[in-house]
Amino acid sequence: MSHTCRYLIVLILAILLFPVAFGPRLFLSSLPFASLITRRTMSSTSAYSQELYIAQLAVQRASILTKRVFHEKAKGTVDKNDKSPVTIGDFGAQALIIAALRHNFPDDAIVAEEEAAQLRTDENLKSTIWDLVRSTKLDDAASEQALGGAIKDADEMLDLIDRGNSTGGNKGRIWAIDPIDGTKGFLRGGQYAVCLGLMVDGDVKVGVLGCPNLPVDDKAPLAADIGSNGTDDEGHGVLFSAVLGQGATSRPLAASSEEQGRAISMRSIDSLADATFCESVEAGHSAHGDQASIAQKLGITKPSVRMDSQAKYGSIARGAGDIYLRLPVKATYQEKIWDHAAGDLIVREAGGQVTDIHGNRLDFGIGRTLANNKGVVAAPAASHAKVLAAVQEVLNAKQ
Ligand SMILES: Nc1ncnc2c1ncn2[C@@H]1O[C@H](COP(=O)(O)O)[C@@H](OP(=O)(O)O)[C@H]1O
Ligand SMILES: [Mg+2]
Ligand SMILES: [Mg+2]
Ligand SMILES: [Mg+2]
């Protein structure tokens, strides 16, 4: 074959292959919101990247709403009754998250904490929430568009809230939503979290936690949730994320979706005696006495750090604390999947182990509750067996 002939063949091949290699990207880049489309469909090839992206935006938008409720309540413009702001924040955040999920993943099932029944008979509450929901948007128009934009009207808002009524299970794709976890912390100006997880066939694949009142700095010392001094001012607000098999990250809650998260990992502790353990503020949610005995058995002398919500999972995942204990107070209480799905994945992806008091992994595939589990023991993977042994010694000694 002559030199010219070979040259011609290479040239023809190049002309034929160019549109195959670059055509879709060039075509997409000419569309409106091109940067968004090309970024998400062309460059993010890892599993669940689109789900992660939407979940992060949905949690960011819902957190804007919860912060507005908190500050408007503090100024006395929402209601004087402490119950109402919680309700308004819960319903509003749930409506916004479900709207985003329905727009992007219309076939997915949703398990969410709240239901709209109360709003269907209370016009005042309904219109207060609707005012907040319709006026809460992400600053970036392309991101807002990615979530499907505004909800049509107040009735559609109620229907969306009720879309969170799936019974759960271990088949197919199911999202778990806790629009405000740690309602008591939310009211106090302490810790709370906007929580979203995706389960596929009962296994958590994506977890996102928005914690408006945690310090952005991953290394900030873990502070007890005494409230009123940790609100979402300068330097506060963290978004924790994880995808199964891809690690866990944190980034400022106010950051743009372009900003990469920082990889986070649990602290490696040489001696459990140096560990920091955290637990609920509410004595009714976990057994403070048993937890103190376990800490003592492990040689821990520092007092526990008490904080509300799944901020505890995020805090240990980034090495600000080490152990999270949630021992049952009432033997009959069943933990809810939305209180744990995102946090469980974030801790495991950061190098932790999460089980119940019997050492079983949390089973998210049997319905709206963790009926197969009792309590939660979360610790760095290398130390988990020792912590669990101490848990069982203390519990066995009680029988
Ligand atoms: N008796 C109980 N035992 C354990 N958890 C309980 C409980 N009663 C309520 N909860 C759950 O505890 C969650 C708060 O956890 P924490 O104490 O870690 O902040 C609540 O979430 P909400 O605040 O979303 O209702 C609620 O679902
Ligand atoms: Mg909760
Ligand atoms: Mg809640
Ligand atoms: Mg609740």
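Sequential numbering from 1 along the given sequence is applied to the chain's residues.
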Heavy-atom donor-acceptor pair, [X] side chain to [Y] backbone, under 3.5 Å:
{"X": "Asp363", "Y": "Asn373", "answer": "no"}
{"X": "Asp322", "Y": "Thr276", "answer": "yes"}
{"X": "Arg267", "Y": "Ala317", "answer": "no"}
{"X": "Gln191", "Y": "Asn213", "answer": "yes"}
{"X": "Lys374", "Y": "Ala331", "answer": "yes"}
{"X": "Glu259", "Y": "Ala255", "answer": "no"}
{"X": "Arg68", "Y": "Ser135", "answer": "yes"}
{"X": "Asp178", "Y": "Glu113", "answer": "no"}

Among side-chain atoms of Glu279 and Gln291, is any donor-acceptor pair under 3.5 angstrom?
yes

[X] vs [Y] side-chain heavy atoms within contact, under 4.5 Å:
{"X": "Ile64", "Y": "Gln60", "value": "no"}
{"X": "Lys297", "Y": "Glu393", "value": "yes"}
{"X": "Ile180", "Y": "Tyr192", "value": "yes"}
{"X": "Leu214", "Y": "Arg318", "value": "yes"}
{"X": "His340", "Y": "Val354", "value": "no"}
{"X": "Lys312", "Y": "Ser280", "value": "yes"}
{"X": "Leu57", "Y": "Asp140", "value": "no"}
{"X": "Tyr333", "Y": "His285", "value": "no"}

Could you go through Ser241 and Gln56, starting from their C-alpha distance and side-chain angles, then the distance that decides it, and tell me whether this counts as side-chain hydrogen bond (donor to acceptor under 3.5 Å, both in side chains)?
CA-CA 8 Å; Ser241 309; Gln56 288 175 327; 2.8 Å; yes

Tell me if the [atom1] atom of [X] is crowded by more than 12 foreign heavy atoms within 6.0 Å.
{"X": "Asp153", "atom1": "CG", "result": "yes"}
{"X": "Glu115", "atom1": "CD", "result": "no"}
{"X": "Arg61", "atom1": "CZ", "result": "yes"}
{"X": "Lys302", "atom1": "NZ", "result": "yes"}
{"X": "Gln296", "atom1": "CD", "result": "no"}
{"X": "Asn396", "atom1": "CG", "result": "yes"}

Linking I/L/V/M/F/W/Y whenever any side-chain heavy atoms sit under 4.5 Å apart, do [X] and [Y] land together?
{"X": "Ile264", "Y": "Ile323", "answer": "no"}
{"X": "Met266", "Y": "Val391", "answer": "no"}
{"X": "Ile366", "Y": "Val200", "answer": "no"}
{"X": "Val376", "Y": "Ile294", "answer": "no"}
{"X": "Ile269", "Y": "Tyr324", "answer": "no"}

Rounded distance (nearest 0.5 Å) linking atom CD of Gln118 with atom CD1 of Ile129
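Reported to 0.5 Å precision, the distance equals 8.0 Å.
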
Give, for atom CG of Leu327 and atom NZ of Lys398, the distance between the pair rounded to the nearest 0.5 Å.
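Taking CG in Leu327 and NZ in Lys398, the distance rounds to 7.5 Å.
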
Would Leu298 and Phe277 count as a side chain to side chain contact (heavy atoms under 4.5 Å, CB included) here? Give the steps.
CA-CA 11 Å; Leu298 293 170; Phe277 97 88; over 6 Å; no

